[in-house]
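Data block below; observations after.
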2 protein chains.
Amino acid sequence: MGNSRVTVREIARLAGVSVATVSRVSNGTGQVSAELRQRVLDAIELHGYQPDHLGRALAARRHGALGLVFPGLSGPYFSELIQGFESEAVPARASVHILCTHLREDSDAQVLEMARRVDGIAVMGGTISEAALLRLADLVPVVVLAGQGRDAVPSVGVDNATAMGRLTSHLLTEHGLRDLAFVGTPEGSPDVSQRWAGFLAAHRELGLTPPGEPVRVSMQQPDGVLAAEQLLRDRRPPDAIVCANDEIALGALVGALGRGLRVPQDLVITGFDDAPMAALVSPPLTTVRQPVRELAAEAARLILRAASTPDAPAPDSIVLPTELVVRRSCGCPTGTPTGGTGK
Amino acid sequence: MGNSRVTVREIARLAGVSVATVSRVSNGTGQVSAELRQRVLDAIELHGYQPDHLGRALAARRHGALGLVFPGLSGPYFSELIQGFESEAVPARASVHILCTHLREDSDAQVLEMARRVDGIAVMGGTISEAALLRLADLVPVVVLAGQGRDAVPSVGVDNATAMGRLTSHLLTEHGLRDLAFVGTPEGSPDVSQRWAGFLAAHRELGLTPPGEPVRVSMQQPDGVLAAEQLLRDRRPPDAIVCANDEIALGALVGALGRGLRVPQDLVITGFDDAPMAALVSPPLTTVRQPVRELAAEAARLILRAASTPDAPAPDSIVLPTELVVRRSCGCPTGTPTGGTGK
DNA sequence: ATGGTGCCTGAAACCGGTTTCTGTTAACCG
DNA sequence: CGGTTAACAGAAACCGGTTTCAGGCACCAT
């Protein structure tokens, strides 16, 4: 220990100056004569003084911290998300508080509690109730990450419906597939809900009848294995498995190959996210690329800005572009450069 | 807004009592008459007063927050880790601050900075310098997660060397394999370093010559694909690929299968961690189970305890048991119950 | 000599809580 | 009825910083 218990008043006494002067020196604000400055710097150096964060935060009435709330952690998606958020927060000298809500039932209360410890919060879509979100926005700047904003709560996301519609159309028109299964739980998150909607819309636009129900599973690789086994056990398996994300697709691929099927000859599989593995499996996965890291970074920037200008008008929501990435798992010969950019 | 700017003094004024009484009521400490208590509760309710965390933390001289420092995020390992940590911290009303150091070069400074905002920190082994670790331990309670503790800094981990030694011996003796490759970067983390050491030791115990160098890659699935391709391109590929974790192994499996090899007939692959996917791929992965979530939870408990009893002696390091999980990727016929428990 | 202007400096107030310490009142006891 | 004690309430100090405000001083122009 040693440097832990040193306060401004202590340094002030040792340097023979007032606390105001110590504060000015340690912050570089205001005018201090060269002599006093040196005396203070010496005392600070000698005793290893570091201003206490709490005192400073209390006086400044800002925490210097950002919150990130998500349902759970799984796969490269959340890794990217957290890292994107962090990469923006830390240079702004803001620490990052996290909260996984899926572990507990009283997540609304937890999030509200978090609001009193940070300057702003990014909440993943669908993790807390609508009511809690509004109360939250009342307390601190909030942005919804990958979900629908509401009133004064801006959101950052991609146009999932259009992107998934484009992918689905590709399967229906280019490959003439007619029996597609959708794997993912629309009720689980706004992302999946929109992807499911885009999947349905693409069918209807072509006058086709989409499947009535998706295969509801979670978003991790093991769930994809499970889903594939369930679908392939059926007497009449689908032509294609359209997965809500790459993790599911990777799992489904493992499941399908494990049953001796050939992809894409016997079964087409597609994903969403363009995770690093998508390009490396065989066959490489046809998917939709979305800029996850950039999404989170954008959210962090929005919050930081809102926190520093308290009375500014609520910023607009942001929609980042996606890109259809056609590889071999859909049946295309090879990396056909059909890559269309979503809005 | 509305409830954001209400302070104790405000409530005290409105309820016609002193701030001390408001504080007593809102904390349930001390004695307050039924009448005053009700007046205060009404005022609190009416104005939606919530005590400010900073004021409270400053007075209590504790932050009510824990820090978690890791190199980067990747795969189920870190998900488990974070969730295990969080599951222990949140019920203790402590928020969780995270810091990914691999994104920046000045991580030592960042960690030291974090120390002034939390009551204790868990640092993944190998993420910061030895010097920084010691300085850190000077400021707040610290525990090293999956790494070597030092002096008064306790650690929580598993016996990687023994576990990997057991796995390696299994391949060498049960399956008679002689040409094993190790994939992973020992310099990258204490975990891998110990696993490499165990791999080498198992060879030497049997009087065999281990490979001189590991295949140095990172710890993610794509790296496993890469490593497999590199090894299999060689004129004389190994009999077995012993991977530093399951992610690498899963990638290697994909890479091997993609090249038309049969596992385990043509090539044996093993992992470490027992990630959820390990049991689901074909063939299922032989690996070592370690209680990652429990590891992190234990670390959180250690820190919380140390933070609440400042002058207690430094707790002992903790080593949790591992379990060899034999599945089919090593060549065993099926789920042979050879599962031996490591110390 | 006088008044004005800037530059430094420190006392004190402030951020929003908790806690000690003192004093009042009422209850209880012999 | 006097005296001790317990319960309760509030004033003020405190946690560790920042910032306002007023005063002192040197310097310059009238």
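Every value quoted in this text rests on a predicted model; they were computed, and no experiment measured them. Note on naming: letters A, B, ... go to the chains in the order of the sequence lines (proteins, then strands), and numbering restarts at 1 for each one.
Heavy atoms of Ser23(B) sit under 4.0 angstrom from at least one base atom. Residue-level contact check: Val22(A) touches neither bases nor backbone, having no heavy atom under 4.0 Å from any strand. Using a 4.0 Å heavy-atom distance criterion, Val17(A) is classed as a sugar-phosphate-only contact.
Residue whose closest nucleotide on DNA chain C sits further toward the 5' end, between Ala20(A) and Asp52(B): Ala20(A). Both Arg39(B) and Thr21(A) lie close to DNA chain D; mapped to their nearest nucleotides by heavy-atom distance, the more 5′-ward contact belongs to Arg39(B).
A donor and an acceptor atom, one from each side chain of Ser74(A) and Ser79(B), are nowhere located under 3.5 Å apart.
The residue from His53(B), His97(B), His63(B) that alone fulfils the ring-ring contact (aromatic ring centres under 6.0 Å, His included) condition with His97(A) is His97(B).
Remark: C1' of dA12(C) and CZ of Arg9(A) are 10 Å apart, rounded to the nearest angstrom. Across the protein-nucleic acid pair, Arg117(A) atom CZ and dG17(C) atom P stand 14 Å apart, rounded to whole Å. Between Arg13(A) atom CZ and dG10(C) atom P there is a gap of 15 Å when expressed in whole angstrom units. For the pair Gln50(A) CD and dG17(D) C1', the interatomic distance rounds to 14 Å; values are reported in whole Å. One interatomic measurement links the two molecules: CD1 of Ile11(B) to P of dT18(C), which rounds to 13 Å at whole-angstrom precision. In this structure, Asn27(A) places its CG atom 13 Å from P of dT20(D), rounding to the nearest Å. Following rounding to the nearest Å, Arg37(A) (CZ) and dC8(C) (P) show an atom-to-atom distance of 9 Å. In this structure, CZ of Arg24(B) is placed 11 Å from C1' of dA11(D), rounded to the nearest angstrom.
At least one side-chain heavy atom of Gln194(B) sits less than 4.5 Å from a side-chain heavy atom of Gln148(B). The closest side-chain heavy-atom distance from Gln38(A) to Leu41(A) is below 4.5 Å. Two residues are said to be in side-chain contact when any heavy atoms from C-beta on lie closer than 4.5 Å; Leu99(A) and Val96(B) fail this criterion. Between Phe85(A) and Ile98(A), every side-chain heavy-atom pair lies at or beyond the 4.5 Å cut-off.
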Show me the donor-acceptor pairs, under 3.5 Å and distance only, between side chains in residues 7-15 of chain B and residues at least two apart or in other chains.
unit_1, atom_1, unit_2, atom_2, d
Thr7(B), OG1, Arg9(B), N, 3.4
Thr7(B), OG1, Glu10(B), N, 3.3

Please output the side-chain donor-acceptor pairs of residues 120-130 of chain A that fall under 3.5 Å, not counting sequence neighbours, one pair per line with the distance.
unit_1, atom_1, unit_2, atom_2, d
Thr127(A), OG1, Met124(A), O, 2.8
Ser129(A), OG, Asp108(A), OD2, 2.7
Ser129(A), OG, Ala132(A), N, 3.1
Glu130(A), OE2, Arg150(A), NE, 2.9

Please list, one pair per line, the donor and acceptor atoms closer than 3.5 Å that link side chains of residues 19-29 of chain A to other protein atoms, with sequence neighbours excluded.
unit_1, atom_1, unit_2, atom_2, d
Thr21(A), OG1, Ser18(A), OG, 3.3
Asn27(A), OD1, Arg56(A), NH2, 2.7

Could you list the donor-acceptor pairs under 3.5 angstrom formed between side-chain atoms of residues 296-306 of chain A and any protein atom two or more places apart in sequence or on another chain?
unit_1, atom_1, unit_2, atom_2, d
Glu298(A), OE1, Arg301(A), NH2, 3.1
Arg301(A), NH1, Glu88(A), OE1, 3.1
Arg301(A), NH1, Glu88(A), OE2, 3.3
Arg301(A), NH2, Glu294(A), OE2, 2.6

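The stretch residues 54-66 of chain A touches DNA chain C through Leu58(A), Ala59(A), Arg61(A), each having a heavy atom under 4.0 angstrom from the strand.
Here Gln31(A) reaches the OP1 or OP2 of dC8(C): one of its side-chain N or O atoms lies under 4.0 Å away. At the phosphate of dG10(C), OP1 or OP2 sits under 4.0 Å from a side-chain N or O atom of Ser18(A).
If one axis is set at each end of the helix from dA1(C)-dT30(D) to dG30(C)-dC1(D) from five pairs, those axes are 60° apart, to 10°.
Here the side chain of Ser26(B) is nearest to one of dT19(C), dT18(C), dT18(D), namely dT18(C).
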